[in-house]
Amino acid sequence: MPETASRWSSLSAAAAGQYLQRMLADPLMAPRSTELAVVRAEGLVRAFGARRAVDGVSLALRGGECLALFGPNGAGKTTLLRLLAGLLAPSAGDCLVGGVSLRADGGRAARSRVGLISHASMLYAALSARENVEFSARMYGLRRPADAAMRALKAMRVADRADAPVRSLSRGLQQRVSIARAIVHEPLLLLCDEPYTGLDEVGSAALTEALAARRAHGAALLLVTHNLSEGLALATHAAIMRRGRFVRFEERAEVDGASYVSAYRELVTADA
Amino acid sequence: MPESSLASPISLDADAPALPGLMRASWLVARKDLAIEFRTRTAFFSALVFALLGLTIFYFAWDPTAVAAIDLAPGVLWVIFTFSGLLGLQRSFGVEQADRAMDALLAAPVEREAIYLGKAAANFLFVAGVQIVAIPAVALFYNVPLGRIWLSLGGIAVLAALGIVAVGTLFSAMAVNTRLAELLLPMLSLPFFVPVVMAAAQTTSRLLAGRPEAEAWPWLRILLGFDLVFVVACAIAFPYTLDE
Amino acid sequence: MTTPTTGRDESVRRADPGSRPAPAEGAPAHPALIDGWIIAAAVAVIAAYVRAIWFTPPEATQGLAQKIYYLHLPAALNAYLAFGVVFVTSIVYLWLRDDRADLVAEASAEVGLLFTTVVLTTGPIWGKPIWGTWWTWDARLTLTLFLWFIYAGYLVLRGAILEPALRARYSAVLGILGALLIPFIHMSVYLFRTLHPMPIVLKPSRPSLPPEMLHTLLFSFCAFVLVYLALVRARYRLSLERARLAELEASFEGGR
């Protein structure tokens with residue numbers, strides 16, 4: 001334990017130092033605070049006509065933290081994820097990833113630090129796994145896209161099928177390739193929408209390892225799931241979303257699993 | 001846990017990523033589209049066969065004693081060009097809809113216009129590819145000496161392809177999100193294709209008839225103007241078709 | 001959505017699931033379909049025709065058929081006016097994202113399609129006795145034909161999209177691109193006609209109109225503008241009502 005703690009602290013110190021150097025080197029990365037929040041959202045609102053899918057969400061996550069987000073269907077979880085990924089522009093509020101706002105410079109610098117995993121694979125069925133992940137690596141501007149792609153595919157244990165067209169892979173393997181695609185550029189913020197769907201034991205283990213590796217490198221995770229036990233197992237923080245707002249937000253350590261589950265069930269059935 | 005990258009979570013050295021600019025990102029998207037098309041080849045082959053079939057049908061619908069080949073061929077060439085081009089444009093954004101690949105494109109740190117330009121470039125090569133076969137086929141089937149004017153014809157083909165691809169790519173992006181995608185794309189695009197087809201066909205027939213090039217110049221001016229206006233307008237309009 | 005809310009939504013949400021929403025206090029009564037504008041427009045059009053048919057002398061060479069012109073030209077001008085409105089409201093929508101601009105564009109497009117159809121049908125009816133053919137690729141008629149195609153495409157596009165925000169955005173893009181197309185069609189058709197001499201038809205040049213005819217024409221034009229405004233207004237209000245209904249249904253669902 002102490003070894004892990006000291007490794008963590010030295011990692012954090014190294015991360016802090018490198019962050020600082022990066023901020024000084026990169027004019028787009030203006031420091032907003034001395035806190036090392038990887039992602040900070042303030043008052044995010046997204047309206048579709050009169051309906052507010054996300055109605056004032058604020059959160060801040062540091063490197064290594066994992067927020068498990070629960071909520072009934074239609075609560076706005078997917079919309080929130082899409083906002084943080086830069087797929088939707090907020091109607092109000094702002095979000096900073098690694099200190100860079102999603103609204104600055106067309107959001108490109110912020111998007112480059114975000115990875116997205118969802119139940120749709122976002123792959124091109126006709127291309128091979130390697131081609132898909134390499135394309136992603138190139139789009140994120142990595143210098144050595146082929147190497148990065150192979151590394152990611154290896155981490156997800158799917159490197160042996162790298163050259164088969166994606167459509168010939170099973171759903172579980174496709175999901176692994178999709179995760180490789182999402183982590184190839186080593187994002188600071190990883191947004192996961194039901195990522196364990198369709199994964200078998202090997203795949204789940206590979207995913208958990210990859211998520212842990214990302215967290216060790218200072219990334220923050222946001223995990224949307226309907227599986228409370230799975231979510232709570234990975235999380236450092238837990239939140240429940242309902243009608244576009246967080247109705248509960250607390251640290252995992254403060255939460256008792258059983259009572260949380262029953263409180264959640266109550267909330268969900270109240271909405272049905 | 002992989003050991004190698006533990007020491008440097010964020011690398012500052014020359015390995016740091018450089019976000020692709022507009023041109024590079026467009027090139028990446030175009031290359032990806034062409035790779036997909038090359039892998040399956042079905043759309044290109046279908047468009048090619050369609051073009052040849054169309055030429056054949058027009059041939060048999062034609063009364064050679066009433067209309068000379070040299071009068072008919074330009075019209076047939078450019079009408080077939082339009083419809084086979086539409087076939088290629090149809091599938092342009094379809095590939096992004098499956099598995100929501102479009103989300104990955106939108107999440108990438110590239111400008112939105114790059115997606116449009118990349119796809120338009122890929123479509124341009126698609127249409128040009130069909131033309132490379134269709135134009136000689138017209139010369140063959142209708143026995144018209146297109147070879148005489150091959151350079152000018154090539155130039156017209158490039159300008160015409162640019163025009164229909166600029167508008168067609170944008171409408172393809174829109175149509176793919178509607179209920180009547182296959183019907184809507186031709187219905188929206190064809191009015192826009194008319195100036196292109198007119199200019200191309202009129203120029204071709206004048207050049208074939210041996211008229212001086214200066215006579216074709218007014219039509220070329222319209223075609224050039226069309227290309228300029230619509231490439232820019234559609235590139236600007238593209239981000240508005242995205243849900244942002 | 002910028003329709004005026006009357007607090008109805010909140011009361012519906014609090015209502016118990018089984019009941020239907022009661023109309024809130026102060027809700028505007030359902031507007032009648034036939035209102036002052038439509039009546040005024042109808043009167044104006046009837047007056048214009050009475051004047052055109054009975055009180056304006058027939059034209060010397062063309063005879064009675066020429067009277068269709070009083071229908072044809074104002075309809076054409078209004079068709080282009082309607083498209084201009086679609087163009088402007090499309091820009092306004094993309095700039096301000098105000099749903100009302102989109103509704104006005106839709107109303108104007110529908111009325112514009114109507115007027116364009118009138119032009120395309122009266123053109124041949126006028127042309128046949130005078131030119132001997134039902135259709136000539138007359139520059140103006142051709143341009144109007146393309147306008148018809150653009151309107152039709154616009155309305156089919158709208159019909160193919162269910163989600164209001166997407167529909168509004170796509171329609172606005174088409175509205176703007178369509179307006180950019182019109183000059184190119186005009187140039188192409190004009191060039192086509194000057195280089196392709198059409199078979200000689202007896203096409204009388206527009207005669208300098210004696211004052212009576214000019215007055216009738218102006219009167220007819222004003223009547224048509226009134227019809228345009230009345231129809232757009234009615235259609236716009238219909239859209240507002242529909243939108244309000246959709247909103248009510250949505251909030252009723254949400255309150256359960």
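In what follows, every chain begins at residue 1, and chains take the letters A, B, ... in the order their sequences are listed.
In the displayed structure, B:Arg112 atom CZ is contacted under 6.0 Å by more than 12 heavy atoms of other residues, nucleotides or ligands. No more than 12 heavy-atom neighbours from other residues, nucleotides or ligands sit within 6.0 angstrom of OH on B:Tyr59. The number of heavy-atom neighbours closer than 6.0 Å to OH of B:Tyr240, taken from other residues, nucleotides and ligands shown, is 12 or below.
Residue with the most contacts toward chain B among A:Ala89, A:Ala126, A:Ala155: A:Ala126 (heavy-atom pairs, distance under 4.5 Å). For chain A, the option among B:Ala98, B:Ala25, B:Ala35, B:Ala108 with the highest count of heavy-atom pairs below 4.5 Å is B:Ala108.
A side-chain donor-acceptor contact under 3.5 Å links A:Arg108 to the backbone of B:Pro20. At least one donor-acceptor pair closer than 3.5 Å links the side chain of A:Arg111 to the backbone N or O of B:Val110.
Rounding to the nearest 0.5 Å places CG of B:Leu28 at 11.5 Å from CD of A:Glu134.
The nearest pair of heavy atoms linking B:Ala107 to A:Tyr140 is O-OH, 3.5 Å. Listed here is the closest heavy atom pair of B:Ile36 and A:Tyr124: CD1-CD2, 3.6 Å. Considering every non-hydrogen atom in both A:Ser112 and B:Leu19, the closest pair reads CB-CD2, 3.5 Å.
Counting only heavy atoms from C-beta outward, the side chains of B:Lys32 and A:Met139 never approach each other to under 4.5 Å.
Heavy-atom distances place the side chain of B:Arg39, and not its backbone, under 4.5 Å from chain A. Neither the backbone nor the side chain of B:Glu37 comes within contact range of chain A; no heavy atoms are under 4.5 Å apart. Only the backbone of A:Leu123 comes within contact range of chain B, judged by heavy atoms closer than 4.5 Å.
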